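Beneath this line is the structure, given in C-alpha cells, with notes to follow.
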Amino acid sequence: MTTATPTVATGTQQTSGTPSTTAGRVRKRLTSRTATLVSIVIAVVWTIPTFGLFVSSFRPEDEIKTTGWWTFFTNPQFTLENYQQVLFGRSSSSGQLAGSFINSLAITIPSVLFPLAFACLAAYALAWINFRGRDWLYIAIFALQIVPLQMALVPLLKFFSTGVTLGGITLMPAWDLVDEQKFAQVWFAHTCFALPFAVYLLHNFISQLPGDLMEAARVDGATHPKIFRTIVLPLITPALAAIGIFQFLWVWNDLLVALIFAGGGDETAPLTVKLAEMAGTRGNEWQRLTAGAFVSIVVPLIVFLSLQRYFVRGLLAGSVKG
Amino acid sequence: MEFDFADQQPKLLMLMYGLIAFVLVVGGLLLLLDVVPAWFARRREAQLVAASASGAPLSRRPKQREGLFALFFLLPTLLLLTIGLVVPAIRTVLLSLMDRTSTNWVGLRNYSWMFSEDSIVRVLANSLIWVLLVPLVATAFGLIYAIMVDKVRFEAVAKSLIFLPMAISFVGASIIWKFVYAYRGEGDQIGLLNQIVVSLGGEPKQWLLESPMNTLLLIVIMIWIQAGFAMVVLSAAIKAIPADIVEAARLDGVNPWQMYWQITMPTIRPALIVVVVTLSIATLKVFDIVRTATNGNYDTSVIANEMYNQAFRYGESGQGSALAVFLFILVIPIVIYQIRNLRQQREG
C-alpha cells in the first residue's frame, strides 16, 4: 500500500502545477481524470453494501430469500410490507421496532442535553477561571477518556440496584427502577461516559476565544456567570452543535450501555438492542433484518447528511489541533 | 397496522420528566451562579464598611471567590465523573481480585485464568489482530484516499460517501455486511461476496463460520466504518499545509516523491498519530460488531465481548472485571504516547 502512495501523490502534484508543454497539459488532464475516476469508483464501491441493504428492504420476502438484490434491476418488485411488519407487526417475531424507535428517541435526547450543558460549564471554568490545580484537573479529566466503559459497567449497575453504602451509612439509596423508568439509568450512564471527551473538545474551542474580550468584560464588572451566558455561549454555538451531533450519533448507535442499563424489554430497549437480538435469533429473516437495519440507520443518516459540516468541524477540533 | 400509540405514552412521559429535570438542574445551576456572587458582593461591602470603621487590613476575598465560582461550574461534571467513572473503575480493579460472589479475595487467580484458558488466550490473540490491522489499514486507506481525492472534481461527494458509514451504528453496519457475506447452499446466492466468488467460478462459502477468515471479515466491517474518519482528518491536515512551503519546494525542483516524504508526511505527522491512536483505542473497545455478526462464536470473540459474556451472562464478575482491567492496561501506553506527542508538538 505504501508503494502506491507516491504514484498517487504524483497525480495531485501535476494537477496543481501549470505544465508548459502540450504533452504536459495532456498528461495533467489525464492524471486528474484518472484520479477523479478512481476516487469516484472507490466511493461507489464503498456505498454498495449500504445500497444493497436499502434495495433489499423494499423487496418481497421470497424474492429477498431466493435471489440477490442486484436482480432488482432486471426484475423490479417493490413492497412496503417489510417496513410495515418490522415497525408495527404484533407478532413477537416481528421486532415491533416502532416502539423501540421511540425508546431510542427517549434515550438519546436527554443523553445529549445533559453532558453538553455540564461539559460547557466545566470547560469554561477550566479555560477562563483562575484557581489552584486547574491544569491538573484538566489533565485528570482528559485522562479519564482512556477508562474503557467496560471498567465502569459492573459497579455502576450495582450502584443503581443496591445503592451506595459506606461503613453502614447509605450514601445513595437504590434506584429500584422498573420499565421505562430505566431510561434514567441510561441517561446517567451516557452522561458520565460522555463528559471527558465533551469537556476536552469544548475546552479546545473555549480556550481559543479571544482573551481581551473576556478581559474587557471583566473590567466592565461582569461576573463569570454573566460572561459565560452573554459572551461565551453565543460564540461557541457552532462547537456545541458539532459536539451535540457527535454525542447524538454515539448515543443513538450505542449498543453496550443500552444493553446493560436499559435491558432488552419492549419498554426500554432501543433500536440497536432489538436489531442485535433479531440478528442473533432470526439471522435468516432478511426481509425483517434489512428493513429493521434501515429504520435504525435513517435518523443518524439524516442528521449526518444535513449537519455534516458541523460534525466534521467537531471531529477536527478534537484531533488535528490536539 | 396494529400499533397502539397509547402504549408509548409512559415512555414519552418519562422523556418529559427527563427534559423537566434538565431544565431544573441547568436553570437552577445558572440561577445559583447569579445569586451567589450577589450575596458575596453584599458580604464584601459589609466587610469593607466594617474594615474601614476599625482600620483593619482587608482580607483576600476576591481570589477565593474565583475558586468558588470554579467549583460551581465544575460541580456537576466532577460529581458525575466520580460516581460514574472514577469510583467504578477503582471498584472494578478490586472486583478483579475477588471471586464470582465478590466477597472472597482470590488474588491474581482471575488473571492467571485469563492467560491459561485456551478460549480466552484465543480471545486475546484476536484482539491483538484487530488492534494491529484496523488502525493500520484504515489509516493507510484514509491517507491514500485523502491524497487522491484532493482537488479532484466531485471531491465533496466522494468524501461524503466514504465518510457516510461513520453515521451508521456498528449493529447496522454488521447487518449490512452479514448480508454481503450471506450464504446459500443451492441455487442463487443472495450475498454479494458469494455471488462474486461464484461468477468467478468458485464455490460459495460460509464466510463467517470459518476461522481465522471470519475474524478478518469482521475487521473489514470496522475498517469500512472508520476509514472515513481517518480520511476526513488527514484530508484536513493536507489542506492545512501552507501553500508557500509547497511552492518554495517546487521552485527548488523537488520531485513528487521527495515532496511527499519531506513536506507532506512531516507536516501531517501529528494528525496521523492522532488518527492511529484514536482508532486503536476504539478498536480495543469494539464489542457491537462481534456480538451482532457472530455473537463471539466460531473463534471470533474479542476482549470487550468476552468481558460482557463473563460479567453479565455467566455472572463471573471477577473474571469479567479482570478482562476489563486488562483492556485498561492495554490502553494506557497508547495514551501516554499520545500525551507525550502532544506536549512535544506544543513545545516545538
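Keep in mind that what you see is a predicted model, and the values were worked out from it rather than measured.
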Query raised in the report: Ignoring hydrogens and geometry, is there a side-chain-to-backbone donor-acceptor pair from B/K11 to A/G99 under 3.5 Å?
Result: yes
Query - Leading residue by heavy atom contact count with chain B [cutoff under 4.5 Å; candidates A/A106, A/A184, A/A276, A/P148] - result: A/P148
Query raised in the report: Do the side chain of A/N253 and the main chain of B/A167 share a donor and acceptor less than 3.5 angstrom apart?
Result: yes
Report task. Could you tell me which of A/P300, A/P155, A/S56 has the largest number of non-hydrogen atom pairs under 4.5 Å with chain B? Result -> A/P155
Requested in this report: Kindly write out the residues that satisfy side-chain contact (heavy atoms from CB on, under 4.5 Å) with A/V38, not counting sequence neighbours, or none if the list is empty.
Outcome: A/T34, A/I42, B/M148
Query raised in the report: Tell me, side chain or backbone of A/R229 under 4.5 Å from chain B's heavy atoms, or both, or neither?
Result: side chain
Report task. Using a cut-off of under 4.5 Å on heavy-atom pairs, state which of B/T82, B/L19, B/L30, B/N194 scores highest against chain A. Result -> B/L30
Requested in this report: Report yes or no: does B/W224 contribute a side-chain atom to a donor-acceptor pair with the main-chain N or O of A/W46 at less than 3.5 Å?
Outcome: yes
Query - chain B contact via A/W70 - which portion, at a heavy-atom distance below 4.5 Å - result: side chain
Query raised in the report: How are the rings of A/F304 and B/F163 set relative to one another: parallel (under 30°), tilted (30 to 60°) or perpendicular (over 60°)?
Result: tilted
**Report entry** Minimum heavy-atom distance B/F312-A/L157, with the two atoms named
**Finding:** CE2-CD2, 3.8 Å
Requested in this report: Kindly give the heavy-atom pair with the smallest separation between A/T36 and B/F154, and that separation in Å.
Outcome: CG2-CD1, 4.1 Å
Query raised in the report: If you count the non-hydrogen atoms of other residues, nucleotides and ligands that lie under 6.0 Å from OH in B/Y17, is the total more than 12?
Result: no
Report task. State which residues pass salt bridge (Lys or Arg N to Asp or Glu O under 4.0 Å) with B/E247; sequence neighbours excluded, sorted by chain then number. Result -> B/R250
